[in-house]
Amino acid sequence: MTTNPQVRVSALNSQYPVGQLGLPAGELKLSWQVSAPAGTTQLGYELRAAENGAFDEGYALIEHRGPESQWVEAPVMPSKSRESWHFQVRIETEIGWSEWSKPLVHEVGLTKGTDFIGVAIGDASKAAEPSTLLRTTFKLETMPVKARMYATAHGVFDIMLNGKKVGNSILAPGWTAYHERLLVETYDALPNLQLGENALGALLSDGWWRGKFGFQNLYNNYGEETAFLGQLELTFADGSTQIIATGPEWKTHESGVRLASIYDGTTIDYTKAPKAWCKPGFDDSGWVGATAKAFDKSVLEPANLPPVRVKLELPMGVTELDGRTLLNANQNISGWVRLEVEGKRGDKVTIRHAEVLEPNNVLHTAALRGAKATDEYILGEDGVFKFEPKHTFHGFQYAEVVTNAKLISATAIAITSDNADRSHFTSSHNQLNKLHSNVLWSLRDNFVSIPTDCPQRDERLGWTGDAQAFVYAATTLVNADAFFTSWLKDLAIEQQKVGFVPMVVPDLLTMQAKIVPSPFPVQGEAGWGDAAIVVPWSLYQTYGDAEILKQQLSSMRDWMSYLDTQRSGALIPPRMQLGDWLDPDAPNDKPWAAKVSGQFVANAYIVYVARLQAQVEALVGDEAHRAKYLALADEISAALWAELGEAAVTTPTGAAMSLIFDIAPSAEIQRVADGLAAMVRETGGRISTGFLGTPIILDALSQYGHIEEAYQMLLRTEMPSWLYPISVGASTIWERWNAIYPDGSINDGGLKDKAEGSGDGMISFNHYAYGAVIDWVYRNVAGLSSLEPGYAKVKVAPKLIDAIDRAKAHINTGFGKVEVTYIYNPTELSMQLEVPFGTVAVLDLPVSPTSVISINGNSAANGSELSHGRYEIKVANPHFIERKK
Ligand code: BGC
């Protein structure tokens, strides 16, 4: 075997987040990226696996001939708790073999609840009372070589070991369908350990378990008691082990954290906080024994998604006003403010948060409804201190501090579920670049353990409709496969309980409706429940792993069956539907009353998902199901077109759904598309779609011959439009197109006291649904789209417009980075293209009848297929669009 240093495996990954400890056992798939000279291909590979990396003691090997490099079955499926397997790959090309790749380490967490030898512990506190401190000590005579901390809770926790936090996750263990699925996090505790006495402890707060949550503002949603379950496992050089597990011998005391509420914020009174409580030598004689708590260990699972972490720290602008200080992060974020203050014992610092300001620099807090979003600190000593809240987060750009202490500095801390960035887009069009940034920020701010609707008001729920509307953009922007795979597991669990896909996952609404009557019927909603099919399908399309379709297969089929039961004759009859939610022409207080009828939307969505499901069935090889769903789609689509089609296509959403969901008969398609384009022209590109129409409106135009109108809409700057909010300072995507009016006044959010419990309207400045458009921007402005699942084949088809003469974008696909950079003028388009190893790019360049194409100086034809490498592409006299105003 000859190796060639020019062939290199540059990355080896699995379906789990890079570097994460304590992963699930079972099914393991490997994918790799290669760097090798142009013209080479992978002829075959060898994959090997050795426990604990002991390759010299022998290993499991798979040899394979062929080009596959994505989602390949690992040679060993780790099966037991704590196993640590190392995997390596090497590949063969025409010019020789690569060396073995750097190893990928897959360390399994605790797979069974019974692996926890201790009992869960807590104290006698109730919801909204001070957070709980728990501590124990142990002695080390020699240092271990390995230390793993496994932990989970009813509530949320921070683990402290010798005065320092273990790991960097926030709001652990995250939010899942707790009664059926509770995640265990694993951390490397070695850096915190020391010889002699060690102190191990936890700060435990209400979190989602029993804190105030849901727009009904209820407490104790999952239980009345919080509890922490953990164990520290030490392995010594001689192979011996020691486990320090939670149990009643631990001690407990209330903390200085007097309140830790996700909605309301944190109050920390340092005069009451036991100092250095998690350090060795602390006198805990005044503490009481911890109480053993009931805890169902059978629902425990190793975490399979990245935790919430700090993403960025942003220094805040400080303006002194009369008796208060105004802080500005210059970016709407999820997170909190770190304050540095100088003061005296007993001084109080109060900080309130808001996304936008009212006139006179006053925080606009009405939009927060029942969420107080206020942090408070009471100094325990004289001096300079840095404060951060615990176990809360706020959606905000601005904050107001009132204190008699002196404020020294303020830093905004932005948190998010730590999904790796996947792409980037920039262009000569500044507002479009800002739109991209705003969409990415709305994603980060709303991916906090689960995909949420908004990060600021008393909601922050896993609305299924918002997730499915945005999922294609989300999967283009970040590596969200593990994140959504986890959420989809909960979706399936909740669906089993109620018989339909609930509107939010985890399904707090059904739980709460049993206690307080729900303001609207709790049922499966068109465009919301369809997340069961649209989300796994889009994960497969973007990342290329069909496993997610297998994981979700019964959930998908169950949703199809539910939809079938909703029909009467061919169609779902008229009933309350959320429909094209928040159509800008719907009355402010009736966001469901869109121009297109709810009945049309409900039936159009079945057609859409039935056709997707038929493709899923083809992939899993079930011909009978495939035929059944296709027949269902055809039946509904024919009846729908006959009964409601003509009325629907007079509305932009109805027309777009008729085209994109394959409802309009082929003879009618162009008429419908031309009608849609005419509506757009007549209104000067005015956006007039809601949550369900917006993600598809530009495709409905551009795929049917109306790219001019698509651009007219995308680049419009008057309200309502995608770019209008930028002109009034938006740094995230708004829930409503008219959240702030051109005169600066703020929309009151309609709904007052009508549909929602807390009664202060429904207006958020950070809802990602309308940001779905950014996926179209990647596919059309940059021109990068996936032709085969996972970008195995990439289409390069930028649509030039006079308003954008430069663009650069990349997507880090599983194969590696595909990147396009271009600049053009009417006589020449000059483009650089990078195609990753293992993929093919198909050129669909913007040509005019007089265009001449060259690739790396040689004349070439449009439609050329390019394998990996870097290309210099030129198009003389390119076709470009003159912008309609
Ligand atoms: C949420 C949404 C959600 C909608 C549906 C709102 O309160 O914020 O984004 O999809 O309700 O009813």
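Each ligand, and each atom within it, is numbered from 1 in the order the structure gives. Everything numeric here is computed off the predicted structure, so don't read it as measured data. When a residue number appears, it is its place in the shown sequence, counting from 1.
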Q | Taking every non-hydrogen atom, the tightest pair across W208 and S449 | A | CH2-CB, 4.1 Å
Q) When the ring planes of Y562 and W559 are compared, do they come out parallel, tilted or perpendicular, using 30° and 60° as the limits? A) parallel
Q) Using 30° and 60° as the class limits, which term best fits the ring planes of W175 and F213: parallel, tilted or perpendicular? A) perpendicular
Q. Measuring from the heavy atoms of M503, does anything fall under 4.0 Å of ligand 1?
A. no
Q) Against heavy atoms of E735, which atoms of ligand 1 measure under 4.0 Å? A) 8 (O)
Q. Of all the atoms in ligand 1, which lie at a distance below 4.0 Å from a heavy atom belonging to R457?
A. 1 (C), 6 (C), 7 (O), 8 (O)
Q. Where does E459 meet ligand 1, judged by heavy-atom distances below 4.0 Å: at the side chain, the backbone, both, or neither?
A. side chain
Q) Is the NZ atom of K434 crowded by more than 12 outside heavy atoms at less than 6.0 Å? A) yes
Q) What are the atoms of ligand 1, with element, lying closer than 4.0 Å to any heavy atom of D466? A) 2 (C), 3 (C), 9 (O), 10 (O)
**Q.** Residue F691 vicinity, atoms of ligand 1 by number, heavy atom under 4.0 Å
**A.** 9 (O)
Q.
So if I count the atoms of ligand 1 from 1 in the order they appear, which ones are less than 4.0 Å from some heavy atom of L578?
A. 5 (C), 12 (O)
Q | Subset of ligand 1 atoms that lie under 4.0 Å from at least one heavy atom of H767 | A | 1 (C), 2 (C), 8 (O), 9 (O)
Q. With only distance considered, is W581 within less than 3.5 Å of ligand 1 through an N or O on each side?
A. no
**Q.** Of T650, D583, D580, the residue whose pairing with K595 passes side-chain hydrogen bond (donor to acceptor under 3.5 Å, both in side chains)
**A.** D583
Q: Look at ligand 1 and say whether W528 reaches it with a heavy atom at a distance under 4.0 Å.
A: yes
Q) Which word best sums up how the rings of F661 and Y608 line up, parallel for under 30°, tilted for 30 to 60°, or perpendicular for over 60°? A) parallel
(Q) Please list, in number order, the atoms of ligand 1 under 4.0 Å from a heavy atom of D453. (A) 1 (C), 8 (O), 9 (O)
Q. When you look for heavy atoms under 4.0 Å from ligand 1, do you find them on the side chain of L461, its backbone, both, or neither?
A. neither
(Q) Filter on side-chain hydrogen bond (donor to acceptor under 3.5 Å, both in side chains), then keep only pairs touching residues 466-478, sequence neighbours left out; what's left? (A) Q468-Y605, T475-T542, T476-D775
Q. Do you know the tightest heavy-atom contact between M719 and P742?
A. SD-CD, 3.8 Å
Q) Touching ligand 1 at all, F215? Heavy atoms, strictly under 4.0 Å? A) no
Q.
Within ligand 1, which atoms have a heavy atom of M762 less than 4.0 Å away?
A. 6 (C), 7 (O)
Q: Please name all residues satisfying ring-ring contact (aromatic ring centres under 6.0 Å, His included) with H353, sequence neighbours left out, ordered by chain then number.
A: H394, F396
